[in-house]
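Here's the structure we're looking at; comments come further down.
All heavy atoms count here, side chains included; hydrogens, waters and symmetry mates do not. Throughout, numbering of the chain's residues begins at 1 and tracks the sequence.
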Amino acid sequence: MLNRRPLLAAMIAAVMSLSTGVAWAAEAKVAVAANFTEPAKAIAARFEAATGHQVVLSFGSSGQFYTQIANGAPYDAFLSADSERPTKAEADGLAVPGTRFTYATGRLVLFSKTPGLVDPKGAVLAKGGFDKLAIADPKAAPYGQAAVEALTRLKLYDALKPKIVTGASITQAYQYVQTGAAELGFVALSQVIDEAGGSRWLVPAADHSAIDQQAVLLKTGADNAAAKAFLRFLKGKEARAIIKRYGYEVR
């Protein structure tokens with residue numbers, strides 16, 4: 001007589017595996033600084049394929065996100081463009097202590113769609129020949145603050161202030177340059193690393209405070225398996241390779 005026990009056991013194990021996987025899979029809502037849009041999408045796709053968890057990404061300025069989080073927005077994790085706001089989230093009791101870490105260090109670029117307008121040393125800022133210079137809101141976006149610091153170091157901020165157009169986030173600053181609303185602008189290297197043509201100047205890191213981008217698990221995500229797993233994945237080899245691919249420095 002045919003022994004069906006091994007087959008039956010295998011079928012039961014398969015059903016249990018499937019049901020366990022469904023129960024285990026979770027969804028995390030993650031607030032992500034706008035400069036990190038493309039790498040975050042790539043990392044999330046790899047993470048979902050590897051774990052079965054789902055990640056819902058929202059993009060915007062770090063300052064705006066902090067305000068939303070402080071007012072009860074249901075994000076599980078926060079990937080800021082600075083270290084100040086995740087640190088403040090910890091101090092204000094909005095984040096899980098001990099979960100904050102630097103996931104990337106950003107680089108600032110002066111960019112124009114016009115070939116030859118921006119020289120390799122950024123001398124165009126002093127020479128002029130342009131009407132509008134785009135930056136992100138320095139009060140809400142760390143890349144905007146870095147742009148102001150760089151201009152101040154060059155002793156050009158006061159002279160160029162009338163020409164500055166301010167975007168709510170680094171994404172909007174980049175859009176101003178892309179649409180021609182500004183001939184040039186300070187953007188994140190990650191935004192233009194794959195863009196052919198145009199002209200650019202990689203601002204020396206010494207010209208502004210380090211753009212150390214930190215992540216933290218929020219109290220609302222303290223028991224969220226997907227949020228905790230995503231932050232662990234963000235520290236891993238695969239995610240770090242993606243981050244470096246977009247021009248960020250990793251430690």
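Heavy atoms of other residues, nucleotides or ligands lying less than 6.0 angstrom from CG of Asp223 number 12 at most. Atom NZ of Lys88 is surrounded by 12 or fewer heavy atoms from other residues, nucleotides or ligands within 6.0 Å.
How far CG of Asn35 is from CD1 of Ile170: 7.0 Å, rounded to the nearest 0.5 Å. Taken to the nearest 0.5 Å, the NE2 atom of His53 stands 12.0 Å off from the CZ atom of Phe230.
At a cut-off of 3.5 Å, with distance as the only test, no side-chain donor of Ser169 or Ser61 sits close to an acceptor on the other residue. The closest side-chain donor-acceptor pair between Glu90 and Thr87, if any, does not fall under 3.5 angstrom. Judged purely by distance below 3.5 Å, without hydrogens or angles, the side chains of Tyr66 and Asp92 pair a donor atom with an acceptor atom.
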Just do the side-chain contact (heavy atoms from CB on, under 4.5 Å) check on Glu183 and Thr114 with the steps written out, would you?
-> CA-CA 8 Å; Glu183 295 97 318; Thr114 304; 5.7 Å; no
Decide side-chain contact (heavy atoms from CB on, under 4.5 Å) for Val187 and Leu108; before the verdict, give the C-alpha distance in whole Å, the side-chain angles of both, and the deciding distance to 0.1 Å.
-> CA-CA 6 Å; Val187 301; Leu108 185 69; over 6 Å; no
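Minimum interatomic distance between Leu189 and Gly247 (heavy atoms only, all atoms of both residues): CD2-O, 3.5 Å.
Aromatic ring centres of Phe186 and Tyr143 lie farther apart than the 6.0 Å criterion allows.
Partners of Glu84 according to the side chain to side chain contact (heavy atoms under 4.5 Å, CB included) rule, which considers only residues two or more places apart in sequence or in another chain, are Asp82.
Each of Tyr248, Phe59, Tyr246 was evaluated against Phe36; a single residue qualifies, Tyr248, per the ring-ring contact (aromatic ring centres under 6.0 Å, His included) test.
The side-chain heavy atoms of Trp201 and Pro120, taken from C-beta on, include no pair separated by under 4.5 Å.
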Atom pairs and distances, side-chain donor-acceptor, residues 146-153, under 3.5 Å, sequence neighbours left out:
from, atom 1, to, atom 2, distance (Å)
Glu149, OE1, Ser209, N, 2.6
Glu149, OE1, Ser209, OG, 3.0
Glu149, OE2, Gln145, NE2, 3.4
Glu149, OE2, Ser209, OG, 3.3
Thr152, OG1, Val148, O, 2.8
Arg153, NE, Asp207, OD1, 2.9

